[in-house]
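Beneath this line is the structure, given in structure tokens, with notes to follow.
Nothing fancy with the numbering, it's 1 onward along the sequence. One-based numbering, in listed order, for ligands and for the atoms of each. Computed over heavy atoms, backbone and side chain alike; hydrogens, waters and symmetry mates excluded.
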Amino acid sequence: MKKQPRPAHVLVLGAGLAGLNAAYALKKRGVEVTVLEATNRIGGRVDTRRFADEPALTYEMGGEWIGKTHKHVRALCRQFGLRLIPHNLNTHLLIRGIHKKPQHWRLHQNWYGMMDLMMKRFPHLRGRRLTELKNIDWWHFLMQHGMNQDDIELLELFHSTDIGESTRFTSAYNMLSEYEENGGDIAFAVRDRIEGGNALLPEALAATLGPRSIHFNSEAAYIAQHDGQVFVKTTDEKMYNGTYLVSALPTEALSNILWHPALHPRQKHAMDTLSYARITKTAVLFKKRFWHDDRFEILTDTIAHHIYHATQGQPGTSGILVSYATGDRAATIGSMSYQQKLAAVCDALAVPFGDVRAYVQAVDSYYWGDNPYTRGAYAVFDSEDLASQTFLRKPNHHVFMAGEHTAQFQGYMEGALESGERAARQILYYLKK
Ligand SMILES: Cc1cc2nc3c(=O)[nH]c(=O)nc-3n(C[C@H](O)[C@H](O)[C@H](O)COP(=O)(O)OP(=O)(O)OC[C@H]3O[C@@H](n4cnc5c(N)ncnc54)[C@H](O)[C@@H]3O)c2cc1C
């Protein structure tokens with residue numbers, strides 16, 4: 001690829017964190033950018049919401065927690081003056097109808113022994129040992145290490161909320177990396193959120209671009225490259241062109257675009273076959289915080305799966321509990337009516353708190369499998385898909401790929417930001433200094 005003289009004009013597809021961060025990084029270096037966004041809002045899978053009845057309280061329908069090593073998120077928050085607040089939770093259990101308070105449950109002793117050992121050894125593993133961990137899923141890894149069956153089922157409940165699907169779909173390597181980041185703690189509890197809602201971050205990024213840089217309701221349908229230019233046609237037949245293009249779209253959206261010249265068959269195959277985690281979030285606004293503990297969460301084998309206090313640290317008498325269901329549970333609860341969803345949440349809460357239906361003020365729910373651009377929440381790579389990530393990331397002439405699914409911190413807001421910054425860096429490299 002020849003280096004291009006400035007001035008260049010870059011098209012960015014998608015006003016999620018990846019696209020906005022790419023646009024921000026390019027604009028900072030004096031490159032003109034136009035962002036095309038299919039919907040009428042920015043943020044994509046970052047979706048902070050409020051109930052009309054209680055607009056002071058926020059809850060997250062999409063990306064929520066920020067880990068301690070998520071350095072891009074943290075740096076941008078510092079830059080834009082956004083405050084991070086901890087969101088740590090005390091875990092109750094409700095398994096087979098039996099409620100256990102946080103201090104009243106523990107895994108069997110051999111789990112703690114194995115974890116201590118793994119945490120000491122894991123950072124030093126190389127070569128064949130690491131490959132073995134990448135080639136075995138977490139569930140089978142635990143079985144092979146003689147873990148107690150009840151513990152395996154409990155860990156499946158815990159970690160399927162992190163993976164978004166069963167732990168049978170993620171490698172032992174992935175899970176141990178998560179444990180390493182969280183100091184070996186099963187709850188993966190060291191996490192923050194942005195005060196006032198995570199949507200403040202995409203809003204801050206968008207504000208740096210200027211009002212005319214983002215075109216809403218502009219869904220890319222056709223991408224052509226010729227004469228050193230990239231041309232995009234949207235579903236409403238508008239044409240845009242630029243010197244380069246950053247594609248910051250999820251793979252479902254990418255698969256629906258007509259590409260000319262065609263994408264490399266392995267890249268196209270990787271886009272067409274990548275699975276996204278099934279997640280349903282159901283937020284319930286209650287008139288009273290009957291759970292009392294600001295850090296309340298309950299993990300259950302019922303369909304509600306994981307219910308947590310979403311308005312922790314937000315003052316008020318009313319409060320919001322969110323049910324976070326993943327995998328098959330998400331698909332089942334996702335197909336239910338609002339009344340049935342509410343019943344599923346209230347039934348699970350009835351065991352520790354009695355009948356709570358009288359406190360219900362409002363309900364909101366979203367099954368990410370219904371999202372036309374993602375058909376799920378975030379990409380889930382099994383060990384074979386990992387090789388295909390290289391293809392998903394590969395530039396195509398003047399088109400550079402970004403998005404959570406192309407990143408090292410895949411599945412996170414951090415990954416989306418990291419990927420956008422990388423795509424911008426690649427383009428800046430091709431522009432004359
Ligand atoms: C339920 C859920 C829970 C999550 N929990 C966490 C968490 O706790 N912590 C964490 O860090 N991350 C979490 N994530 C992941 C995180 O939200 C994502 O990784 C990140 O927001 C993805 O950003 P992105 O820019 O790659 O994609 P997106 O945000 O999906 O942005 C893509 C944009 O492209 C637009 N678009 C689609 N098709 C077209 C087209 N043809 N033309 C133009 N525009 C188009 C879309 O409308 C969208 O705005 C969660 C996500 C979900 C859904």
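Taking the six-membered ring for Trp and the full ring otherwise, Phe296 and His309 have centroids separated by 6.0 Å or more. Note: Tyr373 and Trp368 fail the aromatic proximity criterion, with ring centroids not under 6.0 Å apart. Here the two rings, on His269 and Phe391, have centers that are 6.0 Å apart or farther. The aromatic ring centres of Phe122 and Tyr173 sit less than 6.0 Å apart. The distance between the ring centers of His215 and Tyr240 falls below 6.0 angstrom. Under the 6.0 Å cut-off for aromatic ring centres, Trp111 and Tyr179 qualify, their centroids lying closer than that.
The number of heavy atoms from other shown groups lying within 6.0 Å of NZ (Lys101) does not exceed 12. Annotation for Gln103: atom CD counts as buried by contact number, over 12 foreign heavy atoms lying within 6.0 Å. By the neighbour-count criterion of 12 heavy atoms within 6.0 Å, atom CZ of Arg266 is sparsely surrounded, having that number or fewer from other residues, nucleotides or ligands.
Between Leu201 and the choices Leu17, Ile66, Leu20, the side-chain contact (heavy atoms from CB on, under 4.5 Å) rule is met once, by Leu17.
When only non-hydrogen protein atoms are considered, atom 52 (C) of ligand 1 lies nearest to Ala377 CB, 3.8 Å. Of the protein's non-hydrogen atoms, Ala416 CB, 3.3 Å is the one closest to atom 23 (O) of ligand 1. Distance from atom 26 (O) of ligand 1 to its nearest protein heavy atom, with residue and atom name: Glu404 N, 2.8 Å. Among all protein heavy atoms, the one lying closest to atom 25 (O) of ligand 1 is Ala18 N, 2.9 Å. The closest protein non-hydrogen atom to atom 27 (O) of ligand 1 is Arg45 NH2, 3.0 Å. In this structure, atom 15 (C) of ligand 1 lies nearest to the protein heavy atom Gly411 O, 3.3 Å. Remark: minimum distance from atom 50 (C) of ligand 1 to any protein heavy atom is reached at Gly63 CA, 3.5 Å. Scanning all protein heavy atoms for the shortest distance to atom 34 (O) of ligand 1 gives Gly14 CA, 3.3 Å.
Residue contact check: Ala248 has heavy atoms under 4.0 Å from atoms 32 (C) of ligand 1. Under a 4.0 Å criterion applied to the non-hydrogen atoms of Glu64, ligand 1 contributes the atoms 5 (N), 6 (C), 7 (C), 8 (O), 9 (N). Every atom of ligand 1 with a heavy atom of Tyr373 under 4.0 Å away is listed here by number and element: 37 (C), 38 (N), 47 (O). Counting atoms of ligand 1 from 1 in the listed order, those under 4.0 Å from a heavy atom of Ile279 are 1 (C). Heavy-atom proximity to Pro250, at under 4.0 Å, picks out these atoms of ligand 1: 30 (O), 32 (C). Taking every heavy atom of Glu219 and a limit of under 4.0 angstrom, the matching atoms of ligand 1 come to 40 (C), 41 (N), 42 (N). Less than 4.0 angstrom separates some heavy atom of Gly403 from each of these atoms of ligand 1: 26 (O). Near Leu36, meaning under 4.0 Å from any of its heavy atoms, are these atoms of ligand 1: 43 (C), 44 (N).
Electrostatic pairing of Arg74 and Asp192 counts as a salt bridge here, judged by a charged N lying under 4.0 Å from a carboxylate O.
When non-hydrogen atoms are compared, ligand 1 lies under 4.0 Å from the side chain of Trp368 (C-beta onward) but not from its backbone. Of the heavy atoms in Ser419, none comes closer than 4.0 Å to ligand 1. Residue contacts with ligand 1, taken as heavy atom pairs separated by less than 4.0 Å, involve Ala253 solely via side-chain atoms from C-beta onward. When heavy-atom distances to ligand 1 are checked against a 4.0 Å cut-off, Leu13 has no atom that comes that close, whether in backbone or side chain. The part of Met61 lying near ligand 1 is the backbone, judged by heavy-atom distances below 4.0 Å. Residue contacts with ligand 1, taken as heavy atom pairs separated by less than 4.0 Å, do not involve Ala402 at all. Contact annotation for Trp65 and ligand 1: heavy atoms of both the backbone and the side chain come within less than 4.0 Å of the ligand.
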Verdict with supporting geometry, Thr374 and Asn371, side chain to side chain donor-acceptor pair (under 3.5 Å): CA-CA 6 Å; Thr374 51; Asn371 184 287; 3.1 Å; yes

Test side chain to side chain donor-acceptor pair (under 3.5 Å) on Ser419 and Glu421; report intermediate values, then the result. CA-CA 5 Å; Ser419 73; Glu421 194 180 286; over 6 Å; no

Could you please spell out the steps behind the side chain to side chain donor-acceptor pair (under 3.5 Å) verdict for Asn21 and Glu418? CA-CA 8 Å; Asn21 202 32; Glu418 166 208 318; over 6 Å; no

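For atom 47 (O) of ligand 1, the nearest non-hydrogen atom from the set Gln410, Met413, Glu37 comes from Glu37. When Gly19, Gly62, Ala220 are ranked by how near their heavy atoms come to atom 41 (N) of ligand 1, first place goes to Ala220.
At a 4.0 Å cut-off, not a single heavy atom of Ala277 sits close enough to ligand 1 to count as contact. By the 4.0 Å heavy-atom criterion, Gly376 is excluded from the residues contacting ligand 1.
With Tyr324 as the aromatic partner, Lys281 does not meet the cation-pi criteria of under 6.0 angstrom to the ring centre and within 45 degrees of the ring axis. Figure legend: cation-pi geometry between Arg106 and Tyr112, with NZ or CZ positioned under 6.0 Å from the six-membered ring centre and within 45° of its axis.
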